[in-house]
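Below you'll find the structure, written out as structure tokens, and then a few comments.
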Protein chains: 2
Amino acid sequence: MHKFDELDMKIITELSRDGNTSVPHLSKKLGVNTSVLYSRVKRLVKKKLIKKFTIVVDESLIGIGVRATMGINRDPKLKDQIHKALLKTPEIVSISEVTGRFDILLTLRARNLEELHTVAIEKIGKIEGIQNTETFVELQKTDKDAVYTVTE
Amino acid sequence: MHKFDELDMKIITELSRDGNTSVPHLSKKLGVNTSVLYSRVKRLVKKKLIKKFTIVVDESLIGIGVRATMGINRDPKLKDQIHKALLKTPEIVSISEVTGRFDILLTLRARNLEELHTVAIEKIGKIEGIQNTETFVELQKTDKDAVYTVTE
DNA sequence: CTTGAAATGAATTGTCC
DNA sequence: GGACAATTCATTTCAAG
């Protein structure tokens, strides 16, 4: 995979930090011509290295006070219908099938611990085929800024 | 917290989906005046409900073949220095302190299983005060689009 | 306070080197 | 890939409802 070079990595690193900078501004920062940067960004979007532009929302400001990860074991025969049921649960943010002690790891958000508890017991715990759940309530989270480099 | 209304929620939902739409375009979609939308977006950024604009990168295209979650138990006395050591490990994407069976959940990325294994054993496992680790390799992940609504 | 439109300024595209 | 000119678009401002 030699499709992307160092400049591409710099572009996605910068856009990860601030996806709203204008191309002319970024071109000055990176010391490349604006025309070049326009075609690069367009290419990165076209090749899907940039999947999408988005925003990061501070959910604590709109009443989301609790985030948690939940480990789940399930009946393998009911895999698909469980996945569908999880998709329908609005408090679930992501669903990962994993190796190891659990079959699935979920990321959840809720207004408070009580609501989280209700979701865990009343909604997720009652999905047919879910054998046991274990909840890890997030106390503090640190996200790192992604820095991309050429690796191959 | 009655600071944000339905229009604000629509704005952040749309910008989550596409953080690159122009304000005039969005104003047509939402049926509100551009002037209104300009002041709204500015306010949302100022109030930090929109933490930042960013991009989503498809890491599989640049050689990141494996993602995993790792549960860790640690010596509580060495909490801070462990956190620092984890911050320095480039393969670690996020660090969450949690309740339950583990003290910390990490998100990791690596080029392949071998590299993940090396990071787990040689880097993370050798940090002083880390008592045991358990790795959950991601086989398949589903992320949901966030949809924000007024909740209070 | 809200809307819309006009004026400004900046971003984007295309062309040529 | 780089420079520039032509164009299009976003943004601010202002005036009227």
Side-chain angles (χ1 to χ4, degrees), chain A residues 1-58 61-63 145-152, chain B residues 1-63 145-152:
Chain A
M1 233 188 295
H2 296 99
K3 287 185 290 190
F4 303 108
D5 66 5
E6 187 132 354
L7 179 57
D8 291 322
M9 296 304 108
K10 277 185 189 165
I11 293 168
I12 60 175
T13 299
E14 286 299 326
L15 288 179
S16 295
R17 261 197 270 277
D18 180 6
N20 215 24
T21 26
S22 64
V23 170
H25 182 251
L26 228 196
S27 74
K28 264 165 219 140
K29 188 165 183 180
L30 296 180
V32 299
N33 198 288
T34 47
S35 327
V36 176
L37 204 50
Y38 273 110
S39 49
R40 286 289 187 130
V41 172
K42 194 174 275 178
R43 179 171 148 266
L44 293 177
V45 172
K46 195 177 178 185
K47 297 248 175 173
K48 303 281 173 73
L49 179 56
I50 297 177
K51 275 199 237 174
K52 69 167 180 175
F53 287 80
T54 186
I55 56 172
V56 180
V57 172
D58 187 344
L61 295 179
I62 46 172
D145 280 12
V147 175
Y148 299 99
T149 51
V150 178
T151 51
E152 50 194 330
Chain B
M1 234 188 295
H2 296 98
K3 286 185 292 190
F4 303 108
D5 66 6
E6 187 131 354
L7 178 57
D8 291 321
M9 296 305 108
K10 277 185 192 165
I11 293 168
I12 59 175
T13 299
E14 286 299 326
L15 288 179
S16 294
R17 262 197 268 278
D18 181 5
N20 216 23
T21 28
S22 64
V23 169
H25 182 250
L26 228 196
S27 74
K28 264 166 220 139
K29 187 164 183 180
L30 296 180
V32 299
N33 199 289
T34 46
S35 328
V36 175
L37 205 51
Y38 273 110
S39 49
R40 286 293 185 124
V41 172
K42 196 174 274 179
R43 178 171 149 265
L44 292 177
V45 172
K46 196 176 178 184
K47 298 248 175 172
K48 303 281 173 72
L49 179 56
I50 296 177
K51 274 201 236 174
K52 69 167 182 176
F53 287 79
T54 187
I55 55 171
V56 179
V57 172
D58 187 343
E59 300 185 336
S60 70
L61 294 180
I62 48 173
D145 279 12
V147 175
Y148 299 100
T149 50
V150 179
T151 51
E152 49 196 330

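First the proteins, then the strands, lettered A, B, ... as listed; each starts at 1.
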Measure the distance from OH on B:Tyr38 to C1' on C:dA5 and round it to the nearest whole Å. 14 Å
Would you say B:Ser22 reaches D:dA10's phosphate, i.e. side-chain N/O to OP1/OP2 under 4.0 Å? yes
Any donor-acceptor N/O pair under 3.5 Å between C:dG4 base and B:Ser35 side chain: yes
Nearest whole angstrom, please: distance from the P of C:dC1 to the CZ of B:Arg43. 13 Å
Is there a side-chain contact between B:Asp18 and A:Phe53, using heavy atoms and a 4.5 Å cut-off? yes
Starting at CG of A:Leu37, measure out to CD1 of A:Ile11 and round the result to the nearest 0.5 Å. 4.5 Å
Is the phosphate of D:dT11 approached by B:Lys42 (side-chain N or O, under 4.0 Å from OP1 or OP2)? no
Nearest whole Å is fine: how far is C:dT12 C1' from B:Asn20 CG? 13 Å
Separation of D:dT11 C1' from B:Lys28 NZ (nearest whole Å): 14 Å
Can you tell me the distance, in whole Å, between the CZ atom of B:Phe53 and the C1' atom of D:dA10? 14 Å
What is the nucleic acid contact for B:Val36, judged by heavy atoms within less than 4.0 Å: base, sugar-phosphate only, or nothing? sugar-phosphate
Whole Å only: how far is the CZ atom of A:Arg40 from the C1' atom of C:dT12? 18 Å
salt_bridge(A:Asp8, A:Arg43) N-O dist < 4.0 Å: yes
Could you check how far NE2 of A:His25 sits from C1' of D:dA10, rounded to whole Å? 17 Å
How long is the gap from CG on A:Leu61 to NZ on B:Lys51, to the nearest 0.5 Å? 8.5 Å
Taken to the nearest whole Å, CG/B:Asn33 to C1'/D:dA10 is 14 Å
